[in-house]
Number of protein chains: 2
Amino acid sequence: MEEYVKILRKNGIKVTPQRLEILRFLDTHHTHPTADDIYNELKKKNPALSKTTVYNTIQSLKEHGLLISLAFSAHESRFDSVINNHHHLLCSECGNVIDIDIECPFTKRKAMGGHRIDEVHGYFRGVCKDCLGGK
Amino acid sequence: MEEYVKILRKNGIKVTPQRLEILRFLDTHHTHPTADDIYNELKKKNPALSKTTVYNTIQSLKEHGLLISLAFSAHESRFDSVINNHHHLLCSECGNVIDIDIECPFTKRKAMGGHRIDEVHGYFRGVCKDCLGGK
DNA sequence: CCACCAATTTGTAATCAGTACAATTTGGGA
DNA sequence: TCCCAAATTGTACTGATTACAAATTGGTGG
């Protein structure tokens, strides 16, 4: 049985072709795509795909902890299927989001100052190595 | 001369009543307001205030490093006039944003893995002390 | 103190990511 | 294979933010 079918079953998510394709895309493209990126890419193979389905599936995967959403800007969300903790850099030159693997002392904390901590997101803004080098 | 006039002059921002009010509001209300919060509050004193002016001023203050924007969710930005580095917790119960003062080893780093770092944002999602206590 | 002009403010209209909803389709258990 | 709750689709809607053009204004030079 395909790997992604197992993942969905294990999480009690009904298996559909749309969900499999979205999960596969997120798992094989760690480019931090927007919902629109996912929609446009998968529409090539399945022209009947609805944007609502993309949003519904993202919501479902998020609720089961299979993806996280990155909220760098106020007018679009980006998504990442990875669950291992890493931080993100938004390059102000090229607009790409780059993974930053650092040892953050807070990612494993479950409480802080009396508050319960469920998620830790580290966002950096700056200029990525490639854009710096090109100057 | 009023403190806020000095701040604007020092940054080469033309002084207007609207800008003074917005700067004063941000400096005296560290409640992480949205643009709409600012607009609705200041509209009480100046009914002619335009929402566009609020956005323009926010943009201008941001460019001069007088405020930072927090992008917790994809459909609204929140603003904070503070420049001293601290992180933020979004409480999933009450929706408030709470300042988290922790010693983060990355806030002073200017480079990382070859990338230039301009801003460091730490976002936590969880449940705040008050909401936990109420259970 | 006044006149002027570039910058600012205002209000309306447009944009665009995301959501609501109702009709159609479908996965998968009985 | 049948059936129905759940999923998908497409369209309409929402709400934060931006674009734009006309009216207003801060503040510098005279």
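By convention in this document, chain letters (A, B, ...) are assigned in the order of the sequence lines, proteins followed by strands, and residues within each chain are numbered from 1. Quick caveat: nothing in here was measured; it's all calculated off a predicted structure.
Counting all heavy atoms, side chain and backbone alike, A:Ser69 lies closest to A:Lys62 at OG-NZ, 3.5 Å. Here the closest non-hydrogen pair linking B:Ser81 and B:His30 is OG-NE2, 3.5 Å. For the residue pair B:Lys14 and B:Arg19, the shortest heavy atom distance occurs at O-NH1, 2.9 Å.
Using the six-membered ring where Trp is involved, B:His29 and B:Phe25 have ring planes that are parallel, under 30° apart on the 30 and 60° scheme.
Rounding to whole angstrom units, NZ of residue B:Lys14 and C1' of D:dT24 are separated by 11 Å. Straight-line distance from the CG atom of B:Asn46 to the C1' atom of C:dT8: 14 Å, rounded to whole Å. The separation between B:Ile13 atom CD1 and D:dT25 atom P is 21 Å, rounded to whole Å. If you take CZ of B:Arg78 and C1' of D:dA16, they are 13 Å apart, rounded to a whole angstrom. Rounded to an integer number of Å, the gap from B:Glu76 CD to D:dT18 C1' is 17 Å. For the pair B:Gln18 CD and C:dT9 P, the interatomic distance rounds to 5 Å; values are reported in whole Å. Counting to the nearest Å, the P atom of C:dT9 and the CD1 atom of B:Ile22 are 8 Å from each other. What separates CD1 of A:Ile38 from C1' of D:dT8 is a distance of 17 Å, to the nearest Å.
For the OP1/OP2 pair of C:dT9 and a distance below 4.0 Å, the side-chain nitrogens and oxygens of B:Arg19 include at least one atom meeting the criterion. The side chain of B:Ser77 contributes an N or O atom lying less than 4.0 Å from OP1 or OP2 of D:dT17.
Residue B:Ala48 is the one, among A:Gln59 and B:Ala48, whose nearest nucleotide of DNA chain C lies closer to the 5' end (criterion: closest heavy atom).
Residues from residues 49-57 of chain B lying near DNA chain C, meaning a heavy-atom separation below 4.0 Å, are B:Leu49, B:Ser50, B:Thr52, B:Thr53, B:Asn56 in numerical order.
Residue B:Ile102 belongs to a hydrophobic cluster whose other members are A:Phe106, A:Met112, A:Ile117, A:Val120, B:Leu89, B:Ile98, B:Ile100, B:Phe124, with links defined by side-chain heavy atoms closer than 4.5 Å.
B:Pro47 comes within 4.0 angstrom of nothing in the nucleic acid, heavy atoms only.
Aromatic ring centres of A:His88 and A:His86: separated by under 6.0 Å.
Note on residues 30-40 of chain B: pairs passing salt bridge (charged side-chain N to carboxylate O under 4.0 Å, His left out), not counting sequence neighbours, are B:Asp36-B:Lys51.
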